[in-house]
Participant: 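First the structure, then my questions, so here it is.
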Amino acid sequence: MAKITIDDVTKRFGEGDESIIAVDDVSLDIRDGEFIVFVGPSGSGKSTLMRIVAGLETQTEGDIHIGDDLVNQLGPRARDIAMVFQNYALYPNMTVEENMSFGLKMSTDMSADEVEEAVTSAAEMMDIDMLLDDKPGELSGGQQQRVALGRAIVRDPNVFLMDEPLSNLDAKLRAEMRTEINRLQNDLDVTTLYVTHDQTEAMTMGDRLVVLNYGELQQVGTPLECFYRPANQFVAGFLGSPSMNFFEGNVEGGTLRADGFDFDLTKRMQSAVSSRNELVLGIRPEDMTLHDRANSGHEFEAVVDVVEPMGSISYVYLRARSQSHDQTFIVETDGQRPISEGQHVYVEIPDRDVHLFDAASGETIHQRQLGDDAEMALEEQIKPAE
Amino acid sequence: MAKITIDDVTKRFGEGDESIIAVDDVSLDIRDGEFIVFVGPSGSGKSTLMRIVAGLETQTEGDIHIGDDLVNQLGPRARDIAMVFQNYALYPNMTVEENMSFGLKMSTDMSADEVEEAVTSAAEMMDIDMLLDDKPGELSGGQQQRVALGRAIVRDPNVFLMDEPLSNLDAKLRAEMRTEINRLQNDLDVTTLYVTHDQTEAMTMGDRLVVLNYGELQQVGTPLECFYRPANQFVAGFLGSPSMNFFEGNVEGGTLRADGFDFDLTKRMQSAVSSRNELVLGIRPEDMTLHDRANSGHEFEAVVDVVEPMGSISYVYLRARSQSHDQTFIVETDGQRPISEGQHVYVEIPDRDVHLFDAASGETIHQRQLGDDAEMALEEQIKPAE
Amino acid sequence: TRGGDSSGGDGSDGSSDGSDGSGGSDGGTSTSGSDGELAIPLSEYEDADIDWRQFEGSSINIGAVQHPWVSAIKPAVPVFEELTGIDVVWNVLPEQQFRTKRQTDVSTGAGQFDVFYMDQVVNQFREEGWIQPLDPFFDDDSLFDEDWYEPDDLFEASRWQAHGGGYSDTWTGMPITVEVQTQFYRKDLYDKHDLEVAETLEQFRQNAQTIHENESDVVGTVGRGDKGYGMNIYILNTFLREFGTSLWTEFPTDSGLDSDGVINAAEWYVSLLQDYGPEGASTQTWSDVLSTMQEGRAGHIVSDANLFWPGLTGSDSSVADNIGIAKAPSPADGQFSPNAFNWQISTSKNAQNSEQAFLFMVWASSQPTNTWMHVEGDAAFSVRQSVWENDEFRSRVGENFAQVTLESLQEAAPDPFDRKYPQWGQRYSEELQRAIAGQKSAEEAMTKAASVAEDIYSN
Amino acid sequence: MSTPTQTETTPQSTFARLRDLWNDYLPYWFMAPMVLVMIMITFFPGAYDLYLSLIAESTLDVFAAEFVGLRNFETAFTRGGAIHSFVITITVVVSALLLETVLGFVLAALVAGVGSGRAKSFYRVLFIIPMAVAPVSLATIGRIMLNSEIGIIPYVINTGTPFAAPSFLSEVPLLTVILLDAWNWTPFMFIIFYAGLSSVPKTLIEASRVDGAPMWRRYVHVIIPYMKPVVFVATLIRLIDLFRTFGVVYGLTGGGPGTATQLVSINIYEQMFINNQITVAAAIAIVYLVLVVALCNVIIAKVGFEGVWD
Amino acid sequence: MATTDSDSATASQRLDKDTREKLITVVRHTILLTWSFIVLFPLYWLASMSLKPPGTANSLPPDWIFLPTVYNYIQLIQDSGFVAAFANSLVMVSASVVLVLLIGVPAAYVLSRYDIPMERDVLVWILSSRMLPPIAVVLPFFIIFRELNLFDTRVGMVLMYVSINLSLVVWVMKAFFDGIPETLEEAARVDGATQFQGFRKVVLPAAKPGIFSVAIISFIFAWIELLFGLVLTSFEAVPVTLFVYSFIGSRSIEWGMLAAASTAMIVPVVIFLIAVNKYLAAGLSFGVVIKE
Ligand SMILES: Nc1ncnc2c1ncn2[C@@H]1O[C@H](COP(=O)(O)OP(=O)(O)OP(=O)(O)O)[C@@H](O)[C@H]1O
Ligand SMILES: Nc1ncnc2c1ncn2[C@@H]1O[C@H](COP(=O)(O)OP(=O)(O)OP(=O)(O)O)[C@@H](O)[C@H]1O
Ligand SMILES: [Mg+2]
Ligand SMILES: [Mg+2]
């Protein structure tokens with residue numbers, strides 16, 4: 001149980017020209033007991049940052065504090081952490097049980113019985129109790145991952161580090177595990193850093209999200225904050241699945257002229273835009289609506305490119321009728337709505353759900369509006385985070 | 001390019017009492033060029049079945065045909081397959097480029113230039129072209145996975161086998177990759193077996209879904225068929241995220257008495273139920289609606305346990321007010337709907353969206369109804385599949 | 001009769017291995033207070049005007065080769081210990097290993113061995129100053145009694161070799177064993193083919209031819225062909241003398257190896273082995289020669305150590321009953337002059353107990369000890385003429401063997417081991433080996449050998 | 001792990017302090033005994049040989065020693081047959097090494113693929129045994145077995161095959177030496193390769209099978225590169241050991257016939273123990289050491305011993 | 001690994017897998033049995049020599065079938081000297097193997113895992129200790145041993161054997177450690193293991209085949225060592241090798257005894273081999289647990 005301070009940490013791999021900056025001057029204060037989720041595209045430095053916190057990698061620059069101690073010079077053992085490796089890193093020569101009990105034997109004075117009890121209960125939680133005597137090589141991918149997770153959660157460390165611990169599990173199991181991890185983290189109140197690519201995990205598990213791109217911090221905030229109030233186009237596009245649709249355009253007297261349609265900016269938007277010219281309009285697929293015929297001036301005509309039925313919902317890939325380039329955008333519709341490829345539909349972009357971004361810097365210049373209650377709830381969330 | 005026939009295949013690991021049945025008497029006809037997605041819980045035998053098709057594991061019983069040839073006796077090389085391993089299995093001593101070109105060099109007569117070209121274009125597709133000279137050890141998890149995928153897709157094999165090829169990618173990249181794989185599969189028209197835990201992939205990528213549990217085939221059908229017409233409770237619960245809610249109950253004169261509420265069975269349901277007594281009612285979270293007050297007799301009162309805001313939507317965990325045990329069910333609501341823990345709400349279960357299962361066998365005895373169009377579309381899908 | 005070396009026998013029959021039972025190759029005994037009967041009555045030695053007990057309480061370390069002498073004398077060692085009060089510790093090794101060990105010992109000045117086996121390297125060691133000359137001890141009345149010891153009873157050849165083969169004025173050690181070359185033949189084959197035992201080389205060649213050509217699986221003759229200064233040239237050196245030359249016609253400028261006599265001798269030996277010898281004769285060492293003969297695969301051994309006798313007539317031999325022994329043949333017009341070889345024991349300058357060592361040498365080579373070893377034990381290598389004339393001994397080993405050996409020894413002329421003999425001898429034997437292997441003619445080989453030998457001294 | 005002194009714990013009790021000291025300086029503790037032994041067994045012998053190689057006559061009294069510059073080296077090369085022995089040695093080394101490496105690897109790979117556990121164990125044990133036959137036993141018994149008249153091997157060849165057995169020691173001595181060495185020491189390669197093979201991850205092999213690599217290419221491109229450090233080390237060590245081979249060859253041929261199998265080690269032996277020219281022997285040894293060190297450096301520089309994970 | 005497979009057939013020209021597999025098995029075992037014969041024949045001959053009655057050891061045509069006699073072995077066993085030397089060697093050699101592993105394996109680990117300054121030079125230096133033929137270094141060793149009072153002591157011989165094998169252990173084990181991915185130790189360190197524990201509990205078990213291989217090789221190297229044993233001992237610490245050669249006399253060779261002693265010397269090695277047999281092949285090979 002400890003707060004973690006990441007102070008201007010940079011990590012370079014390799015020397016000279018060849019060098020890669022995996023983590024770029026990241027600073028972050030993590031409160032004691034907080035659950036922090038790292039997200040970011042592949043290769044954005046999530047694992048590296050985590051390994052630096054673990055003491056497995058030495059940062060090129062910057063400091064790491066755990067609790068009040070500067071731990072730059074300390075190895076993983078002294079930092080008292082438990083970690084789920086992205087690649088599991090199970091001990092091939094040990095059984096599942098030995099894998100799971102190893103950390104306890106190394107880091108605590110627990111008696112053999114206590115260790116066994118802890119391992120058994122963790123294994124039951126992970127639903128791998130019948131595999132305790134198997135060697136990792138005999139397990140399925142998901143089973144291995146659960147062993148890796150179990151190995152971490154039996155411990156009672158200062159800090160949990162979990163690098164995509166659920167990526168090889170099925171949705172159902174993942175939901176269960178998610179709950180278990182949350183429960184455990186609440187019970188133990190252990191500071192936790194968690195890497196995930198899963199939207200649901202990202203949105204539901206963490207107290208705060210940390211969004212990374214190319215090793216740089218993009219935004220730190222509660223999940224909803226990041227979702228509804230993205231700091232920039234990257235965050236807006238990265239969170240939510242399918243991604244937010246982006247339309248580039250030029251402002252011409254209160255109207256954004258995008259390729260294929262025009263969008264009238266509201267007053268608030270116009271003032272936010274001020275003198276900028278090149279803008280990007282962002283809107284999530286679930287916020288756009290499709291009509292069979294035009295109702296008002298706000299709609300524009302589009303052609304259905306592909307329909308991806310997902311069951312309850314469908315994703316419809318569309319192309320604005322008068323669009324010059326080939327790009328499609330996605331709209332989420334009800335799964336039972338009859339719609340077919342080539343069909344012409346009218347797309348409505350509700351004003352309130354629109355984000356605007358500076359085309360050059362990607363910075364958000366206008367955030368969407370939320371329902372009053374949601375807005376208030378969000379405001380409340382944001383405050384304590386500051 | 002070849003059809004694949006899996007004929008009563010069983011795989012047992014270990015001997016005698018200790019033995020585990022990983023694949024249990026599975027039969028499956030895969031058409032030439034078809035894209036088959038395997039889903040199932042962790043440890044259900046997906047990888048094993050795939051490895052049997054690859055020739056890496058020898059089935060204990062049964063036959064595998066590829067094309068018209070019985071391939072039981074053939075090694076992977078002769079089967080001419082390309083595979084993405086769940087654990088990547090990259091060659092640590094080779095660079096990314098060498099990893100990707102190895103298969104081409106081994107299995108084709110392509111000139112060095114052709115090989116290079118193929119590798120470069122695949123690498124671009126996977127967005128790893130700047131990593132071509134790195135060793136796998138220097139890559140992030142997602143990058144490694146993309147190399148593993150790239151290594152398979154540069155080839156032009158008879159069969160693609162992909163074992164969770166996208167599990168370590170972020171949502172955005174995953175969506176791109178999904179599209180690429182689909183495009184590629186359409187272009188090459190290569191029979192493809194694909195394992196995934198991702199709902200979106202399962203629903204959108206495959207021509208047919210194969211649902212496994214404990215090594216046994218549960219259902220084979222188009223994604224929508226499996227989603228809307230689950231063969232049994234397992235399939236119904238496994239597909240869709242969050243899972244379908246299940247309520248056990250007894251039939252008493254046209255009414256299902258569940259724990260916490262009663263549900264009046266429709267005529268059709270009643271006739272389907274016939275003399276059965278113990279039933280399970282299933283309904284998806286997205287099909288239930290929440291009301292602030294009771295509108296009709298169909299609703300029942302429930303208490304909000306937890307709210308998981310996901311952005312556009314929220315998952316609300318509820319417990320029926322008069323319920324005796326502790327279990328919760330989930331309802332999906334609009335993300336901006338104000339709702340808080342402890343609040344009392346009224347839950348509506350629309351008749352048409354309800355599935356009924358036999359409590360003992362899990363068999364589906366009543367399927368939900370769909371909108372007319374959707375129903376028709378589904379009927380059409382099902383027919384050719386038979 | 002085992003060639004008599006394994007510590008197998010001696011460890012146990014010697015006496016209760018007290019202090020060094022764990023010692024491996026020594027099989028040693030160092031019993032001081034031996035209980036049982038002494039092998040030889042002390043009175044045999046008490047006549048001597050020697051102060052046997054002057055070093056009471058000390059001990060000597062003997063470095064020895066795995067050799068019949070060791071097993072023969074060991075049972076008598078308690079006698080020495082009783083007589084002098086000196087403990088004897090043995091360090092017995094196979095020959096090649098012993099050489100290495102001895103060299104290490106003396107060249108680093110360790111002086112571990114008070115007494116050690118000495119052979120062809122005697123002058124090398126002497127010139128390096130490693131060997132302690134024995135003359136001062138001979139001159140010391142408390143250590144030596146000439147009348148009792150009777151040095152003249154030692155074979156001339158033995159005494160000569162103990163003086164560095166003519167290169168030393170002083171005693172370099174005391175001879176303990178002597179072996180002389182004799183001829184061995186298969187009596188059964190001789191009977192079968194009606195052959196006479198050869199006295200001349202020509203006859204010998206004839207006999208070899210007869211057997212070689214008329215017997216399948218049996219070669220005419222075997223002989224040492226391998227290189228090494230104790231190997232093929234040990235045999236050839238006999239012939240070259242018999243062909244009328246000698247080594248070092250002029251020391252150190254003319255080795256004599258390219259003289260006609262040597263070349264003729266070499267040609268004769270080479271062609272003998274090539275024509276009637278075994279395949280690969282050029283690589284045969286004494287053990288191959290012995291084994292081949294033991295297995296009954298050869299008609300003769302032209303000339304080799306008389307010490308093969310036990311091996312050839314013992315249980316290791318499949319033709320034990322059919323082996324004959326005779327004097328080595330010599331050229332019809334030459335002089336009989338078989339090669340002989342003595343093992344001597346010496347003491348080093350660095351040794352702690354050279355005087356004690358000398359006492360041991362005197363005791364070990366004295367008549368009573370020698371006689372006992374040969375009459376009571378199974379030894380057959382005495383350096384004392386009297387032993388060979390001893391009837392008890394002769395009847396034990398066989399009249400024929402004893403007589404042939406005695407006569408040969410009386411005429412024997414050992415090699416003079418000049419100080420670089422090992423070095424040039426090695427090269428000379430290499431050349432001879434090449435000739436036997438047919439890689440060059442005997443003449444070429446000997447010419448080369450001569451120049452190598454002379455070159456080695458020119459430096 | 002590039003920082004050898006990453007602290008693992010914060011000190012508390014004396015015991016903990018000691019433990020920290022142990023852990024913090026672990027690499028030093030781990031290296032120290034090895035380095036000590038190495039210093040003992042390399043520095044003094046090396047210096048001693050160097051000293052010997054420069055003086056006229058062996059003496060332990062450094063002050064009395066007469067330094068003669070490079071004369072011993074000259075003697076070694078003009079008279080000592082050093083060049084000849086180097087050539088012979090290199091011949092033996094190269095051929096035996098090739099033979100043993102290939103044979104060792106093939107056998108290891110074949111045994112690794114044996115299905116039955118018992119058969120596997122049998123081969124594994126059997127194939128290692130030849131190494132355990134002591135050199136002089138092997139040489140002595142080898143001599144008698146190869147003896148043209150009474151040896152079992154020529155006998156078996158002559159009676160059991162249509163070929164006539166050569167006279168091994170005199171006609172084909174070098175070949176005999178090489179073959180005997182291969183019999184004796186292939187086990188060394190076998191055992192290390194076998195252990196190396198068993199640490200190649202199974203999935204890599206599976207991946208290469210799926211990639212369509214035929215068996216031999218699988219070995220060339222995947223397995224051997226993975227095992228490279230092991231293959232490299234085994235070969236290098238065997239190379240070095242071959243360079244100094246002595247016992248078996250000396251016992252078998254004594255360097256003959258003539259000087260046909262006069263290895264450097266035999267040459268050194270003869271200089272030292274027969275010619276009693278310890279100083280010349282030392283000179284040859286020094287040259288030899290320099291050459292082998294140089295050779296190893298070249299090999300390491302060319303091949304490198306980096307593993308797959310570096 | 002290297003499982004029997006049928007990869008090289010293409011779909012068109014393929015043999016039945018059973019047939020192919022059988023064929024491969026036949027070829028495999030033919031080669032292996034041939035080599036077994038090559039290995040076994042001299043060993044058989046050696047053993048048979050030791051079991052033949054005196055005088056028949058070298059007879060031709062050979063007595064393929066003979067009434068074995070244990071005469072030679074009885075002789076050997078009755079010879080307290082041989083038994084003592086045998087036991088002595090066994091103790092010294094075993095001790096040296098333990099010691100050399102204790103010294104060499106950790107050093108190899110450090111060389112594999114840490115950045116050592118001038119690493120290559122250090123490695124070559126280590127290797128240089130086995131470059132000179134033993135005869136070239138035996139004199140200086142003799143001098144050191146006398147100075148340190150190690151001459152003819154078991155401790156001295158154990159150290160001697162250690163020095164013979166140390167370079168081998170260090171190099172071979174370094175190679176094996178190089179093949180073990182570092183992720184495993186990272187996991188151990190995160191699990192709270194000290195570096196030492198990570199080494200001992202995680203890396204060492206994974207390196208088992210390597211460790212047992214070098215153990216066997218070191219054992220054998222020390223067990224058959226002759227020259228140092230010869231020069232550096234005289235009574236107390238004499239190794240069994242010297243004893244074996246004592247049957248090679250000056251004017252006779254006791255073939256039966258020599259063969260018996262040589263055969264007896266093989267026995268501990270075989271026992272050792274059988275004891276560690278299963279470890280020789282127990283590496284990481286049971287499936288991959290880390291994603292490469
Ligand atoms: N080599 C093996 N030895 C013994 N059991 C094995 C082996 N490989 C797999 N199994 C077992 O077989 C079952 C099926 O494994 P498989 O890898 O096919 O599962 P999976 O469906 O791929 O699961 P996941 O989604 O977790 O990857 C599991 O229970 C697993 O423990
Ligand atoms: N050992 C290394 N040597 C060189 N480059 C490395 C090394 N480890 C990581 N990198 C590089 O650093 C960058 C960040 O890697 P990291 O593993 O932190 O990514 P990540 O965010 O975890 O990605 P993923 O989601 O794919 O796991 C990548 O570009 C990667 O190629
Ligand atoms: Mg990562
Ligand atoms: Mg799997």
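Here is the naming used below: chain letters follow the sequence lines, and residue numbers restart at 1 for every chain.
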Participant: Between C:Glu95 and C:Arg99, does at least one N-O distance fall below 4.0 Å, as a salt bridge requires?
Facilitator: yes
Participant: Looking at C:Leu432, C:Thr292, C:Thr100, which has the largest count of heavy-atom pairs under 4.5 Å with chain D?
Facilitator: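 That would be C:Thr100.
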Participant: Looking at C:Val219, C:Thr285, C:Asp217, C:Val121, which one has more heavy-atom pairs under 4.5 Å with chain D than the rest?
Facilitator: C:Thr285
Participant: Top residue by heavy-atom pair count (under 4.5 Å) with chain C, among D:Ala260, D:Pro166, D:Gly255?
Facilitator: D:Gly255
Participant: Is D:Phe168 in contact with chain C via its backbone, its side chain, both, or neither, using a 4.5 Å heavy-atom distance?
Facilitator: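 Neither; nothing under 4.5 Å.
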Participant: Taking D:Gly258, D:Ser148, D:Ser167 one by one, which has the highest count of heavy-atom pairs under 4.5 Å against chain C?
Facilitator: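 Greatest number of close heavy-atom pairs with chain C: D:Gly258.
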Participant: Can you tell me how far apart CD (C:Glu430) and CE (C:Met231) are? Round to the nearest 0.5 Å.
Facilitator: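 It comes to 13.5 Å.
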Participant: Atom CG in D:Asn184, atom CG in D:Leu138: separation rounded to 0.5 Å?
Facilitator: 5.0 Å
Participant: May I ask you to decide whether D:Arg71 forms a salt bridge with D:Glu74, counting only side-chain N to carboxylate O separations under 4.0 Å?
Facilitator: no
Participant: Quick check on ring pair (Phe, Tyr, Trp, His ring centres under 6.0 Å): which of C:Tyr421, C:Phe417, C:Tyr428, C:Trp424 does C:Trp248 satisfy it with?
Facilitator: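 Of C:Tyr421, C:Phe417, C:Tyr428, C:Trp424, ring pair (Phe, Tyr, Trp, His ring centres under 6.0 Å) with C:Trp248 is met by C:Trp424 alone.
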Participant: Are the side chains of C:Pro422 and C:Gln124 in touch, meaning some heavy atoms are under 4.5 Å apart?
Facilitator: yes
Participant: Does C:Asp288 come within less than 4.0 Å of C:Arg297, counting only side-chain N to carboxylate O?
Facilitator: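 Not counted as a salt bridge, because no side-chain N and carboxylate O are separated by less than 4.0 Å.
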Participant: Which atoms of D:Gln271 are under 4.5 Å from chain C, going by heavy atoms: the side chain, the backbone, both sets, or neither?
Facilitator: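 Contact with chain C is absent: no heavy atom of D:Gln271 under 4.5 Å.
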Participant: Heavy-atom distances under 4.5 Å only: say whether C:Gln120 touches chain D with side chain, backbone, both or neither.
Facilitator: neither
Participant: Just so I understand: if I count every heavy-atom pair under 4.5 Å between each of C:Gly438, C:Ser291, C:Ala437, C:Ser287 and chain D, which residue has the most?
Facilitator: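 Looking at each option in turn, the highest pair count goes to C:Ser291.
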Participant: Could you look at C:Gln284 and say if it's the side chain, the backbone, both or neither that has a heavy atom under 4.5 Å from chain D?
Facilitator: both
Participant: Checking D:Asn276 against chain C: side chain, backbone, both or neither under 4.5 Å from a heavy atom?
Facilitator: both
Participant: Looking at C:Gln439, C:Gln96, C:Glu431, which makes the most heavy-atom pairs under 4.5 Å with chain D?
Facilitator: C:Gln96
Participant: State whether C:Asp455 and C:Arg427 are salt-bridged, where the test is any N-O pair (Lys NZ or Arg NE/NH1/NH2 against Asp/Glu carboxylate O) under 4.0 Å.
Facilitator: no
Participant: Looking only at heavy atoms and a cut-off of under 4.5 Å, which of D:Thr75, D:Leu169, D:Thr253 has the most pairs with chain C?
Facilitator: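 So the answer, after comparing D:Thr75, D:Leu169, D:Thr253, is D:Leu169.
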